[in-house]
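When a residue number appears, it is its place in the shown sequence, counting from 1. Predicted model only: the values in this text are computed from it and were never measured.
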Amino acid sequence: MSDLKDLELIIGAGTSLLFVESMDELRVEALFQRLATRLGKELMRWSVASGLRSLQQNTLPNRSTLEPAKVLSEIANRTPPSIYLMMDIHHWLDDPLILRQLKEIALSKPNQTLVLVSHAAEIPDELRAVAAKFALSLPSRSELELLLQEESQAWGRKHKRSVKARQEIIDKLITNLSGLTLSDAKQLIRTAIYDDGMLTEEDLNELAKTKYQLLDNQGVLSLELDTAKFGQVAGLNNMKHWLEQRRDIFLSAHPPVGLDPPKGILLLGVQGGGKSLAAKSVAGSWGIPLLRLDFGALYNKYYGETERNLRESLKTAETMAPCVLWIDEIEKGLSGDSEGGPSKRILGTLLTWMAERSSRVFLVATANDIEMLPPELLRKGRFDEIFFVDLPDAEVRREIFRIHLAKRGHEAEKFDLERLQAASEGFAGAEIEQAVVAALYASYAAQETLNTEHIQTEVAQTKPLSVLMAEKIAYLRAWAASRTVSA
């Protein structure tokens, strides 16, 4: 009802020319039908395909008014107070005659309201003084719940049985539908229900994929479907505990008073230490989509286009909310040019969004080189917390071996994990994984069953980063000791 009230106030203030940006024409028509009834005005609809007709009287279209100039001339001569929905007339807004007609109607016909409806409602400079832009609000949670109930009942009447779903799945489904128009939400609900009459975790994954496809992100953002659970991540207990404490608050549509939803974390650490897997585990454990922002795809040779790409990507992430937005190796996109260059402008755009956003987008940024990170990004308050992901200790290395052996169909109990954890001191998680993979190839080539010796041989042949870049890792640890929280 807020849209109806807002429109009534806008028109009551004397605005005769409205630009409405929406892909949902049926919802626009329904809204203005209610408005016309409240204001006691006739509602007319025009398109280049059908001409001008009354929506209230359901009359036949007037085929003589297909041309925009002719219909605007007729409107200028009409006296009954009316609202005119002009569909897709933006195609003619570069015509001086059309612009002049619109302006004269807006200035001289206070009882006539022209509503220009299109997918892209940009007001020309000539009309800014006499026009206003209006955006339909997105469906509320209660409207989405009602829509799901109606579609479930419709399916039940047709198939003589009820739709099956756990309440937990229903709540997640409604949450994931947020940010969509009513027509898009209806399409996704029908897709989820109509195949088998059940709502499951698989339907949630498909819904996230379809929702993402509805948003034209031009390749800058990617939807990562290969997420993980906390159980698939060895160590990082402090970070896991921190995230578990905040999970329910972030996912709640109405968090407790005084507790703002968490906004994000920065993960610093050694390459291969598990920062990327940790980012994936946040989305997987919280049961929300994971979006990855590719800084390399942002850059455009034309001035201003790079920042526009970032703004559009952040807008897409907000539409996908609640979600996790993952920026991997963030330092590579925010350094390396002179004052006023694209990296500086990207940083400004990102910092502004981080400070002002109210949507439930949880930002997870990872970085390897702290010297390349701009100090503005590290200032307290930019992220809720900065975690340092160090090289795994003995117990964590043991767990990493167990996870990667089990992932590849081997029982960890059949291996001497004590020997392996001792032999792999100084190894990062990715290096341990590669040792297991290399040992599998070696055992296959020798036509032998994988054993401890195969893995230990590969470990002995590997020079880890802690050896190759000992000085840099020592500096990173010293820097992080008093500035970050151990993950």
Asker: Whether K172 and E168 form a salt bridge (side-chain N of Lys/Arg under 4.0 Å from carboxylate O of Asp/Glu) is what I want to check.
Answerer: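 Judged by the 4.0 Å cut-off on N to carboxylate O distance, E168 and K172 do form a salt bridge.
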
Asker: Does atom CD (E8) have a neighbourhood of more than 12 heavy atoms from anything else shown, all under 6.0 Å?
Answerer: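 Counting other residues, nucleotides and ligands, CD of E8 exceeds 12 neighbours.
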
Asker: Could you grab the distance from atom OG of S47 to atom CG of L52, nearest 0.5 Å is fine?
Answerer: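 These two atoms lie 9.5 Å from each other.
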
Asker: If you count every heavy atom of other residues, nucleotides or ligands that lies below 6.0 Å from K109 atom NZ, does the total exceed 12?
Answerer: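 Correct, the count exceeds 12.
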
Asker: What's the spacing between F362 CZ and R247 CZ if we round to 0.5 Å?
Answerer: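 Between atom CZ of F362 and atom CZ of R247 there are 13.0 Å.
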
Asker: Salt bridge or not between R78 and E42? Use side-chain N to carboxylate O under 4.0 Å.
Answerer: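 Looking at R78 and E42, the cut-off is met.
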
Asker: In chain order, what residues pass the salt bridge (charged side-chain N to carboxylate O under 4.0 Å, His left out) check against R161, with sequence neighbours excluded?
Answerer: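 For R161 there are no salt bridge (charged side-chain N to carboxylate O under 4.0 Å, His left out) partners, ignoring immediate neighbours.
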
Asker: Could you check whether E126 pairs with K103 (Lys NZ or Arg NE/NH1/NH2 to Asp/Glu carboxylate O, under 4.0 Å)?
Answerer: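 Salt bridge flag = no for K103 with E126.
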
Asker: Look at the side chain of Q112 and the backbone N and O of P80, then say whether any donor-acceptor pair between them is shorter than 3.5 Å.
Answerer: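 Such a contact is found between Q112 side chain and P80 backbone.
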
Asker: Side chains of L35 and I83: closer than 4.5 Å at any heavy-atom pair?
Answerer: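 With C-beta onward as the side chain, the pair touches.
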
Asker: Is there a donor-acceptor pair closer than 3.5 Å between any side-chain N or O of R128 and the backbone N or O of I123?
Answerer: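 Yes; judged by distance alone, with no hydrogens or angles, the pair exists.
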
Asker: Donor-acceptor pair, distance only, cut-off 3.5 Å: does the side chain of R357 make one with the backbone of K263?
Answerer: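 Yes, because the side chain of R357 sits within donor-acceptor range (under 3.5 Å) of the backbone of K263.
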
Asker: Which heavy-atom pair separates A106 from L17 by the least distance, and what is that distance?
Answerer: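 Closest pair (atom of A106, atom of L17, distance): CB-CB, 4.2 Å.
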
Asker: Counting C-beta onward and ignoring hydrogens, is there a side-chain heavy-atom pair between H241 and E244 closer than 4.5 Å?
Answerer: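 Sidechains of E244 and H241: no contact.
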
Asker: State, to 0.1 Å, how close A279 and V324 come at their nearest heavy-atom pair, and which atoms those are.
Answerer: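 Shortest heavy-atom separation between A279 and V324 comes out as O-CG1, 4.4 Å.
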
Asker: If you look at every heavy atom in I288 and L251, which pair is closest and at what distance?
Answerer: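 Closest approach of I288 to L251: CG2-CD2, 3.6 Å.
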
Asker: Report the C-alpha distance between L7 and L18 in whole Å, list the side-chain angles of each, state the deciding distance to 0.1 Å, and finish with yes or no for side-chain contact (heavy atoms from CB on, under 4.5 Å).
Answerer: CA-CA 10 Å; L7 283 171; L18 274 178; 3.8 Å; yes

Asker: Does F32 form a side-chain contact (heavy atoms from CB on, under 4.5 Å) with V117? I'd like the steps, not just the answer.
Answerer: CA-CA 12 Å; F32 276 92; V117 183; 5.8 Å; no

Asker: Can you pull the salt bridge (Lys or Arg N to Asp or Glu O under 4.0 Å) pairs that have at least one residue in residues 79-90, sequence neighbours excluded?
Answerer: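 Non-adjacent pairs meeting salt bridge (Lys or Arg N to Asp or Glu O under 4.0 Å): zero.
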
Asker: Indicate yes or no for a side-chain donor-acceptor contact from S281 to the backbone of A278 under 3.5 Å, with no hydrogens or angles considered.
Answerer: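 Yes: the side chain of S281 pairs with the backbone of A278.
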
Asker: Kindly indicate whether the side chain of F134, heavy atoms from C-beta on, has any atom under 4.5 Å from the side chain of S22.
Answerer: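 They are not in contact (no side-chain heavy atoms under 4.5 Å apart), so the answer is no.
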
Asker: Quick one: CG on L43 to CG on L85, what's the gap to the nearest 0.5 Å?
Answerer: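 Separation between the atoms: 5.0 Å.
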
Asker: Side chains of L102 and V130, heavy atoms from C-beta outward: is any pair under 4.5 Å?
Answerer: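 Counting from C-beta outward, L102 and V130 never come under 4.5 Å.
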
Asker: Flag the pair E21 and K133 as a salt bridge only when some basic side-chain nitrogen lies within less than 4.0 angstrom of an acidic carboxylate oxygen.
Answerer: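 K133 and E21: salt-bridged.
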
Asker: For Q33, does its backbone N or O pair with a side-chain atom of T37 as donor and acceptor, under 3.5 Å?
Answerer: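 Checking the backbone N and O of Q33 against the side chain of T37, a donor-acceptor pair under 3.5 Å is found.
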
Asker: How far apart are the closest heavy atoms of T15 and A132, and which atoms are they?
Answerer: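 Scanning both residues, the minimum pair turns out to be CG2-CB, 3.9 Å.
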
Asker: Describe, in one word, how the ring planes of W46 and W92 are oriented to each other, choosing from parallel (under 30°), tilted (30 to 60°) and perpendicular (over 60°).
Answerer: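 The rings of W46 and W92 stand perpendicular, inter-plane angle above 60°.
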
Asker: Is any side-chain heavy atom of T113 closer than 4.5 Å to one of L39?
Answerer: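 No, every pair of side-chain atoms sits at 4.5 Å or beyond.
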
Asker: Scan M87, H90, H91 and name whichever one has a side-chain contact (heavy atoms from CB on, under 4.5 Å) with S118.
Answerer: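 When M87, H90, H91 are each tested with S118, the side-chain contact (heavy atoms from CB on, under 4.5 Å) holds only for H90.
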
Asker: Using a 4.5 Å cut-off on heavy atoms from C-beta on, say whether the side chain of Q101 contacts that of L97.
Answerer: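 Contact flag for L97/Q101 side chains = yes.
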
Asker: Please evaluate residues R27 and D3 with respect to the criterion side-chain contact (heavy atoms from CB on, under 4.5 Å), reporting the C-alpha separation (whole Å), side-chain torsions for both, the decisive distance (0.1 Å), and the verdict.
Answerer: CA-CA 11 Å; R27 189 177 176 212; D3 282 351; 4.1 Å; yes

Asker: Please round to the nearest 0.5 Å and tell me the distance separating atom OG1 of T366 and atom CD1 of I265.
Answerer: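 One finds 10.0 Å between OG1 of T366 and CD1 of I265.
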
Asker: Any donor and acceptor pair, going by atom type alone, linking the side chain of S54 with main-chain N or O of M44 inside 3.5 Å?
Answerer: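 Such a contact is absent between S54 side chain and M44 backbone.
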
Asker: When you check the gap from the basic side-chain N to the acidic O, do E145 and R141 get nearer than 4.0 Å?
Answerer: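 Looking at R141 together with E145, the answer is yes, because their closest N to O distance falls below 4.0 Å.
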
Asker: Going from CZ on R45 to OG on S50, what distance comes out if it is rounded to the nearest 0.5 angstrom?
Answerer: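 Going from CZ on R45 over to OG on S50, the span is 5.0 Å.
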
Asker: Does L72 form a side-chain contact (heavy atoms from CB on, under 4.5 Å) with L114? I'd like the steps, not just the answer.
Answerer: CA-CA 10 Å; L72 290 175; L114 297 181; 4.3 Å; yes

Asker: Under a 4.5 Å cut-off applied to non-hydrogen side-chain atoms, are Y84 and V71 in contact?
Answerer: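 No, every pair of side-chain atoms sits at 4.5 Å or beyond.
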
Asker: Is any side-chain heavy atom of W353 less than 4.5 Å from a side-chain heavy atom of R311?
Answerer: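 No - every pair of side-chain heavy atoms lies 4.5 Å or more apart.
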
Asker: Between A317 and C323, what is the shortest heavy-atom contact and its length?
Answerer: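 Smallest heavy-atom distance, with atoms named: O-SG, 3.4 Å.
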
Asker: Could you state the interatomic distance from OG (S82) to CG (N111), rounded to the nearest 0.5 Å?
Answerer: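 One gets 9.0 Å once the value is rounded to the nearest 0.5 Å.
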
Asker: Write down the atom of Y194, the atom of E151, and the distance for their closest heavy-atom approach.
Answerer: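 Answer, listing the atom of Y194 first, then E151: OH-OE1, 3.7 Å.
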
